[in-house]
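Counting convention: from 1, in listed order, for ligands and their atoms alike.
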Amino acid sequence: MEPVVVECLTYRAECQDCGAGTTCSGVQALVNGSLTWDTEISCPSCGLRLAVCGGDLPAELRDRLLAEHGAVRLRVDQAASRAVAMRVLRNVLGLPLADVKSVLHEVVTGRYVGTMPEMERLARGLRAAGVDAVAART
Ligand SMILES: [Zn+2]
């Protein structure tokens with residue numbers, strides 16, 4: 001089994017019930033080829049506890065992760081087959097063919113960035129298809 005890749009952070013936010021300052025935690029993880037995320041809030045003032053997860057990663061949490069940890073760049077072997085890389089990107093990202101072409105262009109030119117779990121998922125998919133790829137912090 002492949003190692004789990006996790007990116008997490010804590011941040012301050014106001015309790016939605018009482019308005020007190022609380023510490024929240026947010027996590028994005030790559031587990032068995034799938035991306036998961038959750039956020040947790042625990043209010044010391046009123047005792048509110050909330051955990052949220054599932055579905056697409058909220059843009060706010062993604063922005064926080066990128067701000068906290070920095071963007072991760074997907075690097076691929078320039079000699080790699082574009083057709084293979086495109087097939088992997090299409091499968092992993094679930095994008096229509098028209099959109100995959102622009103993503104592939106960004107990947108090939110070293111401009112495709114995201115969180116570590118996101119980029120590691122693509123890098124693993126590419127390596128499994130025989131394309132030399134790594135996810136590296138910029
Ligand atoms: Zn509260």
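Listed by chain and number, Cys15 SG, Cys18 SG, Cys43 SG, Cys46 SG are the protein N/O/S atoms closer than 2.8 Å to the Zn ion (ligand 1), with waters left out.
With hydrogens and angles disregarded, a donor-acceptor distance shorter than 3.5 Å links the side chain of Trp37 to the backbone of Gly55.
The residues Glu120 and Arg73 are annotated as not salt-bridged, no charged nitrogen and carboxylate oxygen being separated by less than 4.0 angstrom.
Looking at heavy atoms from C-beta onward, Leu126 lies in side-chain contact with Leu74 at the 4.5 angstrom threshold. Val131 places none of its side-chain heavy atoms less than 4.5 Å from the side chain of Ser81. With a 4.5 Å cut-off on side-chain heavy atoms, Val72 and Val113 do not count as touching.
The two atoms that bring Val4 and Ala29 nearest to each other are CG1-CB, 4.5 Å, heavy atoms only.
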